[in-house]
Amino acid sequence: MASLYIKDSATADQAARLAERLGISKTDVVRRGLMALENQLSPDERRRAFRDRIAKWRAENPLPPLTGLKADKAFYDWLSGEEEV
């Protein structure tokens with residue numbers, strides 16, 4: 001069974017208060033909140049493919065420019081545990 005841990009104590013407290021007021025579990029509070037947020041999405045946002053969302057994000061957050069330096073293969077081999085130093 002999957003679990004959801006809310007690290008922010010204020011948010012966890014709010015979920016607990018709402019659960020108590022509504023007489024439901026905290027899981028149901030989160031489920032209803034997620035469903036409400038999803039229902040607020042426009043039809044275009046709901047249908048947009050993952051690849052399109054990622055392409056938009058990449059356009060807004062480009063990778064830094066290349067440095068032109070060569071990678072140190074020995075370092076990366078060591079970093080990944082492939083070679084002992």
Side-chain angles (χ1 to χ4, degrees):
M1 172 181 229
S3 62
L4 174 65
Y5 176 71
I6 301 173
K7 294 179 182 179
D8 177 48
S9 59
T11 303
D13 291 344
Q14 184 179 19
R17 283 193 309 273
L18 274 171
E20 189 173 333
R21 278 179 72 186
L22 297 171
I24 60 176
S25 69
K26 288 188 278 185
T27 299
D28 284 333
V29 167
V30 172
R31 182 181 298 115
R32 286 183 181 189
L34 291 172
M35 286 173 31
L37 283 171
E38 192 170 33
N39 289 335
Q40 289 177 2
L41 294 175
S42 72
D44 287 341
E45 287 174 317
R46 285 188 220 160
R47 282 192 301 264
R48 194 169 30 172
F50 177 73
R51 125 181 124 253
D52 296 335
R53 293 194 314 264
I54 291 298
K56 180 179 183 255
W57 185 87
R58 287 292 301 265
E60 293 170 356
N61 302 280
L63 293 173
L66 297 176
T67 63
L69 300 174
K70 286 191 167 196
D72 182 351
K73 184 172 178 351
F75 170 74
Y76 287 105
D77 286 346
W78 170 80
L79 191 63
S80 64
E82 292 182 18
E83 272 189 30
E84 301 264 339
V85 175

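Rounded to the nearest 0.5 angstrom, D52 CG and W57 CH2 are separated by 16.0 Å. To the nearest 0.5 angstrom, K26 atom NZ is 11.0 Å from E20 atom CD.
Contact annotation: the side chain of Q14 approaches that of R17 to within less than 4.5 Å [non-hydrogen atoms, C-beta and beyond]. The shortest distance between side-chain heavy atoms of L18 and R32 does not fall below 4.5 Å. Residues L4 and V30 meet the side-chain proximity criterion, which asks for heavy atoms closer than 4.5 Å.
Looking at every heavy atom in both residues, I6 comes nearest to A15 through CD1-CB, 4.3 Å.
Remark: side-chain polar atoms of D28 are not paired, donor with acceptor, to backbone N or O of I24 under 3.5 angstrom.
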Walk me through it: do L63 and R58 pass the test side chain to side chain contact (heavy atoms under 4.5 Å, CB included)? CA-CA 8 Å; L63 293 173; R58 287 292 301 265; 3.1 Å; yes
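Ion pairing between D77 and K73 holds under the 4.0 Å rule for side-chain N and carboxylate O.
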